[in-house]
Structures are given as C-alpha cells and as structure tokens.
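For reference, the structure is listed below as structure tokens.
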Amino acid sequence: MMMPLETADEHEFAGCIDAILSVYPELATARFAIAGRGWHSLAVEADDRLIFKFPNGQEAEAALRREAGLLRVLRRRLSTPVPDMVLSETPRLFSRHEKLPGVLLLSDVYDGLGQAERDTLAADLARFFAELHSLDIDAMRAAGALPVETWRSDEASLEPAWRILPGAIRGRAQAALRDYRRLGPDPLGEVYGFFDAHGWNMAFDPARGRLSGIFDFADSGLGPPHREFVQPSLIHPELPRRAAERYGRLTGRRVERQRIFLLTAAMRVSELAGAVETGHEVPALMRLVVSWFEARDTG
C-alpha cells in the first residue's frame, strides 16, 4: 500500500535523488518531491511526470522485482492503464515509470461525484477486476504471482483492538469476526487479483469522471475473488456494492455482499490490532473500524 506522505528523512530523500541522477543525469534540473510511502518503499516524483520507487530491505526488493515482472504481462492484457515499469540495479535498486495522469481517488473526490459518474467508476473497476480474474492462474504464478497474505484474526491477535474499541462497536465487531472465521472457501475459487484497490493506488480524471489508471501492484497475487472488493470501501462504503453488482453482470459470477462485509471487517479490525501494537496510526484505523460498522446501519 502506498500512501501520501508530506515529510521524509532528508538524508533518505537526498540519497534517492542522488541514485536517480546517477542513472538519469538529464533530470539534474528536475523538481523532486515525495510522492508517497508504502509499508516497505518510498516513492519520489520528478516534475510531476515520473515516479521512482525505492524499496527498503530484501523483502521489498523482491516485491519490486516481482511487480515489474507482473506488469510486463499485465500491460498487454488490461484495458485499464498501468505503469510501464523499468528497473535500475545500480547504484541501488529502484524503479521508474511515467506518472499516470489524474488525481488520487480519495473520499472527498468520490463524494463530489454524481450518481452517473459513480456508476461509471464502478463499471471501470468491475471491468478491471474481471480482466484480472480471467487471466490464467498458472501463467500468472509463473510470472511471479504469490498467494496473498491472510489477516491475523485469532482472538489473541485481535485482543489489542478489543481493548480500545467502544463497547457497542466492539460487540458487533466481535460477532462479525466470529462469522468471518466460520466462512468456508470462496465459492468463486481462486484468481489472480489486485487486492489493493483503494484510492491511493488509483489515478482519476475529474474532468471526464473516469478512472485513468491503477498502480502499485506489489500486493497483487493469488487469492479469493471476494477479497477484491474489500479495499474499495476505503474510498466509500457504497463503492464495493456498486462494483460487485457490475462485476456480477460482466462475469455471471454471484458475489455475496455478506462475505464482502465480513472480509472488510476482518481486515479493518486486524489492522487496528496491529496498529495498537506498534503505536502507529491508531486513531485513523480506529475511525475506519467504527465507520465500517456505522455504515452498515445505513445500508
């Protein structure tokens, strides 16, 4: 996941610029800025047109190489624009791609859309999912795709979240997590999917009201189709429902709203528990848990 970042360690940022200029000296007069930080990577942009991603650690380096390999396959198969990523190995590993045009599809952008534009966005997202899920899973595995990680959902792991959630929300969340643990295998099987379709990974064209691209495939992989509809809820709670309806019409696959609800509940509570343990982003993740269950009250 890559999120906006306003500040960064000056030494780290300067080191990234030095690495870029050693490979691309023609950018000596470019304006550099921090584009975002993921769990394991820092993204730097140049002149609002190029994105460079710097992995931190061996796991992140492996993920970046895997992402570049997957994108070489995906660019030929998807109608939604995705990055054309090029890797540089020296003086350190980093990637370069042209920035996809548009703004991040954050909640305030979605709130400003009319009903027709929301339907169009849901259709664009559903088509993106359907095209990914139609890819041969063995071919994607050969291209480097790995199984997606599962969320920690046992009681011991979630106990930090239970300690701080308000009583009414805690009871509802605990009930949802019990139902989540009882879920059987996804009735739609296993697919290659994106599984990270929140607004920080989307480029949106406000003038046309259309999705203009999707990026950051580091968390893509092999997993259950219903999980694809979890992250769009971070844009707006109604978007997964709209996208799932359009996906069902496109593919003929029956998508279960209750399964999406439980998967999303598990993701949010699990991430809150992890945040409590690390002390990072606790208020923000608390709001996400509370808002998810409050949104359930309104449909």
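- At distances below 3.5 Å, not a single donor-acceptor pair connects side-chain atoms of Asp196 with backbone N or O atoms of Ala218.
- Atom CG of residue Leu106 and atom CZ of residue Phe204 lie 11.5 Å apart, to the nearest 0.5 angstrom.
- Residue Ile235 holds its CD1 atom at 11.5 Å from CZ of Arg118, rounded to the nearest 0.5 Å.
- Under the 4.5 Å side-chain heavy-atom criterion for ILVMFWY residues, a single connected hydrophobic cluster contains both Ile137 and Phe194.
- A side-chain donor-acceptor contact under 3.5 Å links Thr120 to the backbone of Ala116.
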Query raised in the report: Can you list the steps and then say if Val44 with Phe94 is a side-chain contact (heavy atoms from CB on, under 4.5 Å)?
Result: CA-CA 10 Å; Val44 175; Phe94 66 93; over 6 Å; no
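- Classified by interplanar angle (parallel below 30°, tilted 30° to 60°, perpendicular above 60°), the ring pair Phe32/Phe52 is tilted.
- Arg92 places no side-chain N or O within 3.5 Å of a backbone atom of Ala19 that could act as its donor or acceptor partner.
- In this structure, Leu177 and Arg181 have side chains that are in contact, with non-hydrogen atoms separated by less than 4.5 Å.
- Contact annotation: the side chain of Arg96 never approaches that of Ile20 to less than 4.5 Å [non-hydrogen atoms, C-beta and beyond].
- Using a 30° and 60° split on the angle between ring planes, His133 and Phe129 fall in the parallel class, below 30°.
- Of the options Thr264, Leu105, Leu125, a side-chain contact (heavy atoms from CB on, under 4.5 Å) to Pro232 is made by Leu125 and by none of the others.
- Put simply, the side chain of Ser270 never gets that close to the backbone of Met267: no donor and acceptor are under 3.5 Å apart.
- Here the shortest heavy-atom pairing between Val269 and Leu158 reads CG1-CD2, 3.9 Å.
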Query - Trace of the side-chain contact (heavy atoms from CB on, under 4.5 Å) decision for Asp219 with Val148 - result: CA-CA 7 Å; Asp219 290 326; Val148 294; over 6 Å; no
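- No single ILVMFWY cluster, assembled from side-chain heavy atoms under 4.5 Å apart, contains both Leu132 and Val191.
- Without hydrogens or angle criteria, Glu67 side chain to Phe217 main chain gives a donor-acceptor distance under 3.5 Å.
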Query raised in the report: For Arg77 and Ser134, what are the C-alpha separation, side-chain angles and deciding distance, and is it a side-chain contact (heavy atoms from CB on, under 4.5 Å)?
Result: CA-CA 10 Å; Arg77 304 296 300 274; Ser134 70; 5.5 Å; no
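- Met140 places a side-chain heavy atom less than 4.5 Å from the side chain of Leu74.
- Across every non-hydrogen atom of Glu131 and Thr80, the tightest pair is OE1-N, 4.3 Å.
- Proximity of Asp216 to Pro83: side-chain heavy atoms (C-beta onward) are nowhere separated by under 4.5 Å.
- Not a single donor-acceptor pair under 3.5 Å links the side chain of Asp47 to the backbone N or O of Arg49.
- Judged by distance alone, with hydrogens and angles left aside, the side-chain atoms of His226 form a donor-acceptor pair with the main-chain N or O of Glu256 at under 3.5 Å.
- Ile214 and Phe229 fall within the same hydrophobic cluster, where Ile, Leu, Val, Met, Phe, Trp and Tyr residues are linked whenever their side-chain heavy atoms come under 4.5 Å apart, directly or through other members.
- By the 6.0 Å contact criterion, CZ on Arg141 is enclosed, its count of non-hydrogen atoms from other residues, nucleotides or ligands being greater than 12.
- Taking 4.5 Å as the limit, some side-chain heavy atom of Val276 sits within range of a side-chain heavy atom of Leu272.
- At distances below 3.5 Å, not a single donor-acceptor pair connects side-chain atoms of Asn56 with backbone N or O atoms of Ser41.
- Here CZ of Arg246 is found 10.0 Å from CZ of Arg127. Values are rounded to the nearest 0.5 Å.
- Remark: the backbone N or O of Ala203 is paired with a side-chain donor or acceptor of Ser212 at under 3.5 angstrom.
- To the nearest 0.5 Å, atom CZ of residue Arg152 and atom CD of residue Glu277 are 5.0 Å apart.
- In this structure, Glu89 pairs ionically with Arg65, as a charged nitrogen and a carboxylate oxygen lie closer than 4.0 Å.
- Heavy atoms of other residues, nucleotides or ligands lying less than 6.0 angstrom from CG of Asp119 number more than 12.
- Of all the heavy atoms in Ala145 and Leu70, the pair that sits closest is N-CD2, 3.8 Å.
- A single hydrophobic cluster is seen to contain both Leu165 and Trp151, as judged by linkage of ILVMFWY side chains at heavy-atom distances under 4.5 Å, directly or through other members.
- Separation of atoms CZ (Phe261) and CD (Gln258) is listed at 6.5 Å; rounding is to 0.5 Å.
- Smallest separation of non-hydrogen atoms from Arg72 and Arg76: O-NH1, 3.0 Å.
- The two residues Ile164 and Met286 make their nearest non-hydrogen contact at O-CE, 3.1 Å.
- Side chains of Leu71 and Asp84 form no contact here, defined as non-hydrogen atoms less than 4.5 Å apart.
- Other residues, nucleotides and ligands contribute over 12 non-hydrogen atoms within 6.0 Å of the CD atom of Gln115.
- In this structure, Lys53 and His97 have side chains that are not in contact, with every pair of non-hydrogen atoms separated by 4.5 Å or more.
- A 4.5 Å side-chain heavy-atom check between Trp292 and Leu288 finds every atom pair outside the cut-off.
- Environment of CD in Glu159: crowded, with over 12 heavy atoms of neighbouring residues, nucleotides or ligands closer than 6.0 Å.
- By the rule that hydrophobic residues join a cluster once side-chain heavy atoms approach within less than 4.5 Å of another member, Trp200 and Val109 end up as members of separate clusters.
- With rounding to the nearest 0.5 angstrom, the CD atom of Gln231 is 11.0 Å from the CG atom of Leu263.
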**Report entry** Evaluation steps, side-chain contact (heavy atoms from CB on, under 4.5 Å), between Glu98 and Leu50
**Finding:** CA-CA 5 Å; Glu98 291 188 8; Leu50 296 172; 4.1 Å; yes
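- Taking both residues in full, the closest heavy atoms of Ala156 and Pro160 are given as O-CD, 4.0 Å, listed atom of the first, atom of the second, then distance.
- Using modelled atom types, one side-chain atom of Glu228 and one backbone atom of Phe195 make a donor-acceptor pair closer than 3.5 Å.
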